[in-house]
Amino acid sequence: MTPVSPHLPWNVHRLPRAEGRTFLVTGGNAGIGYFVAEQLAGTGAMVVLGSRNAGRARAAMDSIRARVPGARLRHLRLDLADLASLPSAPDALAADRLDAVVLNAGVALDDPPRQVTKDGHEVMFGTNHLGHFALTGWLAPLLTAAPAGRVVTVGSFAARSERLDLEDLQSTRDYRPKRTYGRSKLAQTYFACELDRRLRASGSPVLSVVAHPGGALDSLTPARPPVHERSVGDRLRGLPAGLLVQGKDAGAWPMVRAVLDPTVQGGQLWEPRVFGLRGRPRPTSVRGHYADPEAATRLWEASCELTGVAPHFGAR
């Protein structure tokens, strides 16, 4: 890989080479995950798109190959809402190591009724947090086998105004879809921070990092048919919003940098430079209610019980 000097500005359009490395992007067939996969494919790495829908994954890979000649891509069937399906993921990857996993896939519901996963968990908490928690546990040996493995958790502005109810993680009382979604994203951030603390305590070389896309709108996103269609009208209607937010292609930049930049440190939060909404990625610290070690520890313990998985990364 071409080295990146810490003294030179990061160029989102000229990424360092990453031949010989393998990256997994959950939900890499659509939305921000698609653009994370497309940009990482341009580095020469093997990029694995985690998706439960093989047809959509093929469409995404065809789109990437049309823009990245020679892209090295694979599909991994992945259903985060079915915990019993996740233990097979490491073998299905057919790799001796995994250099990074981007925990991007997610479910966002706008209206009731409350829905559940195959395991009976509320679907947003169960998919967005518990599914990724368990998957990370199963992938731990492959991440540890990499020279500098990374777990990049995709955060969201939706978590900023929420607080986790540790007595009702499944939102069985007073279910409100948008609040439940925000809490599921807050749970993911707690997981990333607690994972970082445990990695450091164990002396593991693996890094845990949070990254979020800022404000990323479909109307400002370049077309990638059939993965993403955008009419001229959509583009024109989205132009005023471009003063404050950006498209999903730019929304992918913090995650891509969190995967590739050798200066990244565990426990960091990467976000867009302009008010955390738009622009090139910058590092900042996890603070405020995100940095609640007691809540993160209690969530970790509850997640182990709910999934039957206890992620463990020992030092090599």
Side-chain donor or acceptor of Ser208 paired with backbone N/O of Ala192 under 3.5 Å
yes
Distance alone, cut at 3.5 Å: any donor-acceptor contact between the side chains of Asn53 and Ser51?
no
Scanning both residues in full, the closest heavy-atom pair of Ala41 with Leu73 reads CB-CD2, 4.1 Å
Kindly work out whether a path of hydrophobic side-chain contacts (I/L/V/M/F/W/Y, heavy atoms less than 4.5 Å apart) joins Tyr190 to Met124.
no
Is there a donor-acceptor pair under 3.5 Å between the side chain of Glu271 and the backbone N or O of Thr284?
no
For residues Tyr34 and Ser63, is any side-chain donor paired with an opposing acceptor at under 3.5 Å?
yes
So do Gln268 and Trp270 actually touch side chain to side chain, heavy atoms under 4.5 Å?
yes
Residues Thr153, Thr189; criterion side-chain contact (heavy atoms from CB on, under 4.5 Å); working and verdict
CA-CA 7 Å; Thr153 299; Thr189 301; 5.7 Å; no
Following the transitive rule for hydrophobic clusters with a side-chain heavy-atom cut-off under 4.5 Å over Ile, Leu, Val, Met, Phe, Trp and Tyr, establish whether Val227 and Val256 coincide in one cluster.
yes
Arg257 vs Val12 side-chain heavy atoms within contact, under 4.5 Å:
no
Within the side chain of Arg287, is there an N or O that forms a donor-acceptor pair under 3.5 Å with the backbone of Ser285?
yes
Mark yes or no for whether Ser202, through its side chain, and Phe313, through its backbone, hold a donor-acceptor pair below 3.5 Å.
yes
Rounded to the nearest 0.5 Å, what separates atom CG in Asp79 from atom CG in Leu135?
11.5 Å
Taking the side chain as every heavy atom from C-beta outward, state whether Pro272 and Leu277 have any atom pair closer than 4.5 Å.
no
Side-chain donor/acceptor of Arg150 to backbone N/O of Asp99, under 3.5 Å:
no
What is the distance from atom OG1 of Thr221 to atom CD of Glu229, rounded to the nearest 0.5 Å?
13.0 Å
Whether Arg179 side chain and Asp174 backbone form a donor-acceptor pair below 3.5 Å
yes
Heavy-atom donor-acceptor pair, Ser184 side chain to Tyr181 backbone, under 3.5 Å
yes
Single-linkage hydrophobic cluster Val151~Leu130, side-chain heavy atoms < 4.5 angstrom:
no
Ala159 backbone acceptor or donor facing Glu162 side chain under 3.5 Å:
no
Test of understanding: clusters of I, L, V, M, F, W, Y form through side-chain heavy atoms closer than 4.5 Å, transitively. Do Leu78 and Trp138 belong to the same one?
yes
Say whether Leu244 and Leu217 are linked into one hydrophobic cluster, either directly or through other cluster members, by side-chain heavy-atom distances under 4.5 angstrom.
yes
Side chains of Val309 and Pro311: does their closest heavy-atom pair fall under 4.5 Å?
yes
In a check of side chain to side chain contact (heavy atoms under 4.5 Å, CB included) between Phe23 and each of Leu98, Leu260, Val152, which one passes?
Leu260
When you measure from the side chain of Asp168 to the backbone N and O of Arg173, does any donor-acceptor pair fall under 3.5 Å?
yes
Salt bridge or not between Arg163 and Asp165? Use side-chain N to carboxylate O under 4.0 Å.
no
Closest heavy-atom pair and its distance - Pro281, Pro254
CB-CA, 3.7 Å
SG-CG distance between Cys193 and Leu299, expressed to the nearest 0.5 angstrom
11.0 Å
For Leu40 and Val259, what are the C-alpha separation, side-chain angles and deciding distance, and is it a side-chain contact (heavy atoms from CB on, under 4.5 Å)?
CA-CA 9 Å; Leu40 290 176; Val259 168; 4.0 Å; yes
Looking at side-chain heavy atoms only, is the closest gap between Trp10 and Thr263 below 4.5 Å?
no
Side-chain donor-acceptor pairs of residues 100-109 under 3.5 Å, sequence neighbours excluded:
residue: Asn104; atom: ND2; partner: Thr26; partner atom: O; Å: 2.9
residue: Asn104; atom: ND2; partner: Gly27; partner atom: O; Å: 3.3

All heavy atoms of Thr117 vs all of Glu122, minimum pair found to be CG2-O, 4.2 Å
Once rounded to the nearest 0.5 Å, what's the spacing between atom CG of Leu164 and atom CZ of Arg183?
7.0 Å
Given side-chain contact (heavy atoms from CB on, under 4.5 Å), test Leu49 with Val25 step by step and report yes or no.
CA-CA 5 Å; Leu49 281 65; Val25 183; 5.8 Å; no
Where do Leu306 and Leu83 come nearest, in terms of heavy atoms and distance?
O-CD1, 4.1 Å
Kindly say whether Val209 contributes a backbone atom to a donor-acceptor pair with the side chain of Gln265 at under 3.5 angstrom?
no
Tightest non-hydrogen contact, residues Arg74 and Met46, listed as CG-SD, 3.7 Å
Smallest separation among heavy atoms of Met255 and Pro213, with atom names
CE-CB, 4.0 Å
Can you list the steps and then say if Thr22 with Val48 is a side-chain contact (heavy atoms from CB on, under 4.5 Å)?
CA-CA 7 Å; Thr22 300; Val48 183; 4.1 Å; yes
What distance do Arg72 atom CZ and Ile64 atom CD1 have between them, rounded to the nearest 0.5 Å?
14.0 Å
Salt bridge (charged side-chain N to carboxylate O under 4.0 Å, His left out) contacts in which one or both residues fall within residues 197-224, not counting sequence neighbours:
Glu38-Arg224, Glu194-Arg197, Glu194-Arg198, Asp196-Arg200, Asp218-Lys248
Sequence neighbours left out, what pairs pass ring pair (Phe, Tyr, Trp, His ring centres under 6.0 Å) with at least one residue falling in residues 114-133?
Phe125-His129, His129-Phe133, Phe133-Phe191, Phe133-Trp300
I need the Arg282 CZ to Arg280 CZ distance, nearest 0.5 Å.
15.0 Å
Within 6.0 Å of CZ in Arg65, more than 12 heavy atoms from elsewhere:
yes
Less than 4.0 angstrom from a charged side-chain N to a carboxylate O is my criterion; do Arg298 and Glu167 meet it?
yes
Min side-chain heavy-atom separation Pro113-Tyr175 under 4.5 Å
no
